[in-house]
There are 2 protein chains.
Amino acid sequence: MTDKDVRTRVVEAADRLFYGHGIGRVGMDAVRDAAGASLKAIYREFPSKEDLVIAVLEHRHQLWTSGLESAMAGIAEPRERLLAVYDYLADWFDEDDFRGCGFINAFAELGADSTRVAEAVRDHKASFQRYVDALVGEIGAPTSLGPQLAILAEGAQTSAAISGAPDAALSARAAAEVLIDVAMAGRTDHR
Amino acid sequence: MTDKDVRTRVVEAADRLFYGHGIGRVGMDAVRDAAGASLKAIYREFPSKEDLVIAVLEHRHQLWTSGLESAMAGIAEPRERLLAVYDYLADWFDEDDFRGCGFINAFAELGADSTRVAEAVRDHKASFQRYVDALVGEIGAPTSLGPQLAILAEGAQTSAAISGAPDAALSARAAAEVLIDVAMAGRTDHR
DNA sequence: CTACGTAGAGAACGAACGTTCTCCGCGCGG
DNA sequence: CCGCGCGGAGAACGTTCGTTCTCTACGTAG
C-alpha cells in the first residue's frame, strides 16, 4: 500500500475515481481514502484540486501514449501502425470499466471554466493528432487524411462510451482502411 | 419575458446555462434568475434537478432533430441528404457559443451515476443512428456504412469543441463522401 | 368588505465540498 | 531521558447547492 510514494498513489487513485464517477462527483475525502494518504500530504503535493486534475490528465496522457506505443510494437508498416490505433481502441473499449475518453469527459465537465484543464485536453489531442499526421506523412498520403483518421478515433470513443457497444472500434477501423486506401490510390502516383 | 409559459422559459434558460457552463456548475438559483420564475414554480414543474436535466435534453433533442430536418429541406437525393448532416454540423460549429455536443457533455458529467441521463443520451444517439441508417438503406449501401457515418459526426463534434477549429466538419464531410462512394462502388452492382 | 387559496420572493436547512486547523503520537538530537 | 519538529487523522470552517419553508401580497368568491 505504501510501496509507492504519496504523489503516485494519489494520482493513480484520483485517476481511477475521477474517470469512474466524474471529477465533480469525487471529493478530496474520497481521494484521501482511496490513496491512503492524509489530506495534508495531498495538499502539500497539489495546492488545489485543479492541480490534482491536471496531474491526473498528464498521468493519463502518459498511459495513453505508452499504451499506444506498445500496441504498435513490432509493427513496421506505417499503414498497419495507423490501423493498430483502432485495435488499441478496441481492446480498451472491451475493458469493463471503460467510460469514454477521460480527456473528453474532463473537458465536458470543466473545459468551459478552467483554462488549465481545457489546455491540458487540447495538448493531449494535439499530440495524438501529430502522431497520426506523422504516420500519414510516412505513407505519403495527403495531409488531409490525418484529421479524418483522428476524428474517427475520437468518434469511436464517444460512440462506444454512450452506446456501450465496443464494436465502434471495428467500424472506425474499417472506415480508416477505406480512407487510407483511397488516399493512397488517389495520390499523384507517378512511380 | 412572461410571454411563454413557465415550463418553456425554465427549460430554455436551463438549456443555455447547462450547455454553457456544465450542469454541475449551474445552480437552481441561477436557473431561477435566468428564467424569471420562482423556485416554487420550477419545482412544481420539475420535482428535482434531474427531472429538469431530462427535460432539457429532450428539448435539445427536438432542436437538433428539427434543425437537421430543415437543413435537409429541399434535398432529395439520399446521398446529398447524408452529406447535409456535415454541413449542418459546420454551421453549428461556427456559432460562437458552440461547446460540443450537449448530450456527450451531459453523459460525461452525469452518465456514470444517473441512469436516466445515460438513457436520454443513448436514446438521442440511437435516434440519430436510425436516421442515418435509413438514408444509407435508401441508397442501397451496406448497413455497415451507417455506424461509420455516425462515428464521423460524433468525432467531428468533440474534435471541433476541443480544438476550437470548426473545420472538423469539413474533414468529416470529405471522409463521409469517400466512404459513401466506396460503399456504392463496392456494392454487388450487377445492374 | 372579508376570508381564503394561491403564488412569488427569498430566507432557511441540511448535506457535500474544498481547504485549513488542531491535536496527538512518533522519531530524532542533545 | 527530554524537547521538538514533522506527519497523520480527522475535526472544523466557509461556501455552495438542492430543496423546502415562511411570510406576505393579491385575486377572487361570497
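By convention in this document, chain letters (A, B, ...) are assigned in the order of the sequence lines, proteins followed by strands, and residues within each chain are numbered from 1. This one's a predicted model, so the numbers in the text were calculated from it and none came from an experiment.
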Roughly how far, to the nearest 0.5 Å, is the CD atom of B:Glu50 from the CD1 atom of B:Ile23? 10.0 Å
Using a distance-only test with no angle check, is there a side-chain donor-acceptor pair under 3.5 angstrom linking A:Gln129 and A:Asp133? yes
B:Tyr88/B:Trp64 aromatic ring centres below 6.0 Å: yes
If only atom types and distance count, is the side chain of A:Glu109 paired as donor or acceptor with the main-chain N or O of A:Gly24 below 3.5 Å? yes
Checking A:Phe98 now: which residues fulfil ring-ring contact (aromatic ring centres under 6.0 Å, His included) with it, not counting sequence neighbours? A:Trp92, A:Phe93
For nucleotides 5-21 of chain D, just jot down a letter per nucleotide in 5' to 3' order: B, S or -, based on protein non-hydrogen atoms under 4.0 Å. --BBSB-------SBB-
